[in-house]
Amino acid sequence: MKWADGEVTIYKDIDEHTKLPTAGDQHPANEIKIAASGSVWKHAKGVATGKFGGNQWPDDLIVRWVDGEVTKYTDVDGKGFHAEQQLQAPNNLWKNHAAIIAGGDFDGSTNSDFDLLVRWSDGELTTYEDLRANGLKKERKLKPPNQLWTHSRVIVPGEFGGNLWEDDIFVRWPDGEVTVYGNAQADALGREYQLVPPVARSAALTLAGRSDRPSVREPIAPDPCDSVCGPGLLRRVAAQQ
């Protein structure tokens, strides 16, 4: 967990019985602090986890910083961050237009090298294939620029289907809808499945006796996630003030 004040914590052995903090002064027994409040991590604007270090463990981090710099940390553990490597020097493209980054395995290879998924400000989705081997050089277009994907708020790749790759993509939309794209490839999204319908729309359709939905999602304003969640926005210190 990266908090807005620069603190970074790990919560180990997460399951349905895990206790997580709900206030700034709560520190569960499974909490490990690896960066203190006020650290440089308050400038981290996006974090992607995955297998970027060459072994079988998804304990590596890709970080997009406030100035557009992109760095990689391998073998992150309870002792902190290790082996920082710069993948991209500070630049305006990644500073102003890389909205969401996430780690997954979309190229179908059996190695342990993950790909980096980027959702850009214009709705374009791109993947950077086998990040450890190629850095940010092997870019492939997953989705061209489009208005729909500019509304995606949370993107989480993972191994949720029936194969051995982390190539399924969960998306949370601003109207509350949650969808999953199964078996995405490096240059193509998989089939979309709706897991949670939009709150307002599902209520209206229930009253109307309909089960269909419009083909284009419309953003609902204001979106609470614009101010209270997402990288760098959840303020741990706010609960202490």
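- Legend: residues meeting ring pair (Phe, Tyr, Trp, His ring centres under 6.0 Å) with W41, ordered by chain and number and at least two apart, are W65, Y73, F81.
- Side-chain contact, D115 with T127: no donor N or O sits under 3.5 Å from an acceptor N or O.
- Residues forming a ring pair (Phe, Tyr, Trp, His ring centres under 6.0 Å) with F160 (at least two apart in sequence, or on another chain): F170.
- Residues P58 and T49 have side chains not in contact (no heavy-atom distance under 4.5 Å, counting atoms from C-beta outward).
- For the pair V76/I34, a side-chain contact is recorded, criterion being any heavy-atom separation below 4.5 Å from C-beta on.
- Under the side-chain hydrogen bond (donor to acceptor under 3.5 Å, both in side chains) criterion, E69 pairs with Q86, not counting sequence neighbours.
- Residues in residues 179-191 take part in these salt bridge (Lys or Arg N to Asp or Glu O under 4.0 Å) pairs, two or more places apart or across chains: R140-D187.
- Among residue pairs with one or both ends in residues 91-104, those qualifying as side chain to side chain donor-acceptor pair (under 3.5 Å) are H97-S121; sequence neighbours excluded.
- Residues near V66 contribute nothing to a hydrophobic cluster around it, because no ILVMFWY side-chain heavy atom sits closer than 4.5 Å to its side chain.
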Criterion side-chain contact (heavy atoms from CB on, under 4.5 Å) on W149 and E124, from CA distance to verdict: CA-CA 7 Å; W149 278 85; E124 182 179 7; over 6 Å; no
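- Using a 4.5 Å cut-off on side-chain heavy atoms (C-beta onward), I169 and V180 make no contact.
- Here the side chains of D105 and D167 are not in contact, with every heavy-atom distance at 4.5 Å or above.
- A102 is linked by a side-chain contact (heavy atoms from CB on, under 4.5 Å) to P157, counting only residues two or more places apart in sequence or in another chain.
- The closest donor-acceptor contact from the side chain of K2 to the backbone of A44 lies under 3.5 Å.
- By the side-chain hydrogen bond (donor to acceptor under 3.5 Å, both in side chains) test, T150 pairs with no residue at all, sequence neighbours left out.
- Under the 3.5 Å distance criterion, with hydrogens and angles disregarded, no donor-acceptor pair is assigned to the side chains of H151 and D175.
- Under the rule for a side-chain contact (heavy atoms from CB on, under 4.5 Å), K19 has no partner lying at least two apart in sequence or in another chain.
- Think of W57 as one node in a network of Ile, Leu, Val, Met, Phe, Trp and Tyr side chains linked at under 4.5 Å; it has no links at all.
- Put simply, the side chain of I62 reaches to within 4.5 Å of the side chain of L131, judged on heavy atoms.
- Using a 4.5 Å heavy-atom threshold, the side chains of V47 and I101 count as separate.
- In terms of the side-chain contact (heavy atoms from CB on, under 4.5 Å) criterion, residue partners of D60 (sequence neighbours excluded) are, by chain and number, F52, T74, D75.
- L87 has its side chain out of reach of T71: every pair of non-hydrogen atoms, C-beta onward, lies at least 4.5 Å apart.
- L195 has its side chain out of reach of T179: every pair of non-hydrogen atoms, C-beta onward, lies at least 4.5 Å apart.
- In this structure, Q26 contributes its side chain and T22 its backbone to a donor-acceptor pair below 3.5 Å.
- Applying the side-chain contact (heavy atoms from CB on, under 4.5 Å) criterion to I100, with sequence neighbours excluded, gives R119, S152, I155.
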